[in-house]
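Atoms considered below: every heavy atom in the structure, side chains included; atoms not considered: hydrogens, waters and symmetry mates. What you are looking at is a predicted structure, and each value in this text was computed from that prediction instead of being measured. All chains are named by letter (A, B, ...) in the order of the sequence lines, taking the proteins before the strands, and each is independently numbered beginning at 1.
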There are 2 protein chains.
Amino acid sequence: MPGMAPAASGIIADLKKVMEFSFRLMEGGIEQQRAIMTRHPLPDATPPPATVEAFRARLADLSGSLPRRLQQCADHLSAHLDSIAVSTVAEIAAGAGVPPSAVMRFCQILGFSGYSEMQRLFRNALSLGLPDYGTRLANLKSGPADRPAALVAEFVEAGRLSLEKLTQDLDETALNQAVDTLSRASVIHLAGYRRALPVAAYLAYVFEKMAIPAMLHAGIGGLDQRNAMRSGDALLAVTFAPYSSETLSLAAEARARGLPVVVLTDPPATPILRQADLVLTVAEVDFGAFRSLSATTALALSLAVAVATRRQG
Amino acid sequence: MPGMAPAASGIIADLKKVMEFSFRLMEGGIEQQRAIMTRHPLPDATPPPATVEAFRARLADLSGSLPRRLQQCADHLSAHLDSIAVSTVAEIAAGAGVPPSAVMRFCQILGFSGYSEMQRLFRNALSLGLPDYGTRLANLKSGPADRPAALVAEFVEAGRLSLEKLTQDLDETALNQAVDTLSRASVIHLAGYRRALPVAAYLAYVFEKMAIPAMLHAGIGGLDQRNAMRSGDALLAVTFAPYSSETLSLAAEARARGLPVVVLTDPPATPILRQADLVLTVAEVDFGAFRSLSATTALALSLAVAVATRRQG
DNA sequence: CCTGATTTGGAACAAATATTCCATTTTGAG
DNA sequence: CTCAAAATGGAATATTTGTTCCAAATCAGG
């Protein structure tokens with residue numbers, strides 16, 4: 001019904017349903033009533049849980065008032081919540097000792113349209129919405145790009161994801177060794193060319209504030225200051241793919257002079273591995289072509305503060 | 001062959017392959033041999049990695065010696081290792097920017113029979129269970145406070161809070177006006193002294209990448225370039241309390257010349273208000289004396305991308 | 001023990017997904 | 001520049017997986 005207000009048309013539709021329902025009731029026997037009700041459930045159908053927590057709660061709520069097979073589903077699922085994301089219906093069914101159709105019914109009782117929809121909940125929770133990132137980007141491109149606030153939301157989201165990923169992937173051993181290495185250096189040389197300059201510049205600022213000798217190599221004015229690297233110093237190189245040749249060359253030079261080289265980069269760190277004694281990788285979720293550097297900055301700052309603490313102790 | 005033991009039937013199948021191979025070899029010329037060999041590789045094909053670690057290693061090993069599309073696969077996969085378990089071939093392919101068949105080929109090069117087999121590796125690893133975000137963060141925080149990993153947890157937390165706050169406090173009107181103003185400028189001048197340099201430097205990088213005329217004023221070498229600001233340009237100043245005198249003076253100069261001045265700063269922005277036409281404030285949660293700049297970077301990037309979009313339209 | 005309502009299992013079907021294949025393009029050696 | 005080998009993209013196909021449906025089994029109340 002084009003042109004009609006959505007609310008009104010919704011009410012009309014509901015009315016029609018109710019009328020149709022009553023009508024059938026009159027001509028059909030009482031036994032048809034239930035069948036009709038299950039085949040045409042009224043709009044009060046339970047909405048599916050939107051979060052894993054809600055799912056848990058709903059499970060606990062239902063438990064106890066279910067027929068045997070469905071109870072088995074509930075039990076098995078609540079015991080293996082985190083494997084839903086990577087299991088097929090058949091696997092879940094086998095695990096619970098029920099046929100696949102029982103699992104399907106169970107999903108629908110919870111309010112999902114089917115197993116796939118339920119699984120989506122867990123997959124999203126697991127990979128934090130990464131899969132459909134491309135889609136969102138496409139949407140944004142096609143949609144109202146003139147709304148800067150939407151962009152902010154995307155970058156915020158990318159930043160949050162990056163930070164979460166950092167807590168997952170953090171190589172604590174490498175971090176500790178990096179702190180060790182850098183805290184023993186007389187001067188810390190910071191390499192940060194192009195895209196890496198912001199991070200390196202911030203490190204330079206922070207080290208200076210904490211009275212730790214540090215020197216920024218950023219190729220300003222095309223100036224090369226590699227001879228400032230002296231035995232006893234260390235190099236902390238920040239670089240991302242595609243790795244700038246300046247950084248690689250500076251790292252090689254440091255290496256040749258016997259300086260320890262710590263690299264802060266993104267995975268895969270392959271090309272830089274050769275020049276590095278220690279590699280800290282940080283995966284930054286990028287939105288479009290640009291990265292918000294949240295995780296990188298967090299890791300870099302942690303490194304700096306840890307080095308400062310170690311030095312004082 | 002129903003009724004036959006699986007092992008025996010496997011051997012038969014292998015024998016058949018070998019026989020077929022020899023036969024073709026005999027009737028084909030020497031030049032066909034290679035083609036046949038690559039199409040029907042003998043059983044000595046590389047065994048697939050058995051653990052996620054081995055997978056990582058193999059990826060790093062192969063990287064660099066691969067043709068373009070396969071290299072893209074390798075890069076994307078190593079950056080999104082943990083989403084393999086819940087992604088389809090099509091999603092991975094889209095993420096890497098390659099057609100699905102390239103992903104398939106890549107799986108086979110790694111020694112897997114196909115994508116499914118590779119995915120199984122990750123699904124298994126996943127269902128062995130990893131703790132959720134909250135738990136991991138708690139783990140990182142616990143233990144001696146001087147542990148670098150604990151610092152990471154703190155900075156991650158600070159970053160997250162900042163980002164969250166940004167979505168709440170964002171002044172959409174001001175942002176829109178800022179985009180308006182900057183997209184009309186012939187050259188965007190970026191002021192970023194001291195602590196603000198990282199943000200301004202990143203903005204300069206991003207603008208340059210998007211072919212938007214921008215100039216960074218950071219006082220490098222004590223150089224003052226205020227006369228580069230000409231009518232028709234605009235100034236975007238990034239600064240935090242305590243506001244550097246250079247920034248204030250540059251803003252005043254811009255104002256005197258009739259240039260619109262947009263300021264990106266932290267609240268309260270009182271001292272800077274006088275020099276600014278537009279103020280964007282972003283509250284960065286700091287841990288100790290240092291800020292992770294997550295929210296600021298996110299806002300700055302959004303601004304840049306929005307300006308670029310507006311200019312093209 | 002009968003009867004109608006509910007639950008159940010599995011077979012049939014539909015949709016999504018992986019995999020293969022081959023015509024075309026690109027690359028690299030001579 | 002030429003040619004063969006390698007790489008590539010996409011369409012066709014195979015397989016797996018999800019979903020629906022209904023006949024049979026089970027259950028509860030009289």
Proximal nucleotide (of C:dT7, D:dG18, C:dT17) relative to the A:P67 side chain: C:dT7
Donor/acceptor link under 3.5 angstrom from B:S101 side chain onto base of D:dG9: yes
To the nearest Å, give me how far apart CE (A:M118) and C1' (D:dT19) are. 14 Å
Gap between atoms CD1 and P, on A:I109 and C:dT6 respectively (whole Å): 13 Å
Regarding the side chain of A:M104, the nearest nucleotide among D:dT20, C:dT8, D:dT8 is D:dT20
Output the rounded distance in Å from CD (B:Q119) to P (C:dA18). 6 Å
Determine whether A:D266 and A:R291 satisfy the following criterion, side chain to side chain contact (heavy atoms under 4.5 Å, CB included), listing intermediate values before the conclusion. CA-CA 11 Å; A:D266 51 356; A:R291 305 176 173 186; 2.8 Å; yes
Heavy-atom pair with the smallest gap, counting every atom of A:G219 and A:Y193: N-CE2, 3.4 Å
C:dA16 OP1/OP2 closer than 4.0 Å to side-chain N/O of A:S116: no
Of the candidates C:dA18, C:dT8, D:dG18, the side chain of B:V89 sits closest to C:dA18
Run the ring-ring contact (aromatic ring centres under 6.0 Å, His included) test on A:F122 and A:F55 for me, step by step, so that the C-alpha distance in whole Å, both residues' side-chain angles and the decisive distance to 0.1 Å come before the verdict. CA-CA 10 Å; A:F122 288 89; A:F55 184 92; 4.9 Å; yes
Nucleotide D:dT19, atom P - distance to CZ of A:F112 in whole Å: 12 Å
So, is A:Q108 near the phosphate of D:dT19, with a side-chain N or O under 4.0 Å from OP1 or OP2? no
Within less than 4.0 Å of OP1 or OP2 of C:dG9, is there a side-chain N or O belonging to A:R69? yes
Distance, rounded to the nearest Å, where B:R105 contributes CZ and C:dT19 contributes C1': 12 Å
Rounded to whole angstroms, how far apart are CD on A:Q71 and P on C:dT7? 13 Å
Given atom CD1 of B:I84 and atom C1' of C:dA18, what is their separation to the nearest angstrom? 16 Å
When rounded to whole Å, the CD to P distance for the pair A:E117 and C:dA16 reads 13 Å
Atom OG1 in A:T265, atom CD in A:E284: separation rounded to 0.5 Å? 11.5 Å
May I ask you to decide whether B:E117 forms a salt bridge with B:R120, counting only side-chain N to carboxylate O separations under 4.0 Å? no
Starting from the 5' end of DNA chain C, give me the residue, B:P100 or B:R68, whose nearest nucleotide shows up first. B:P100
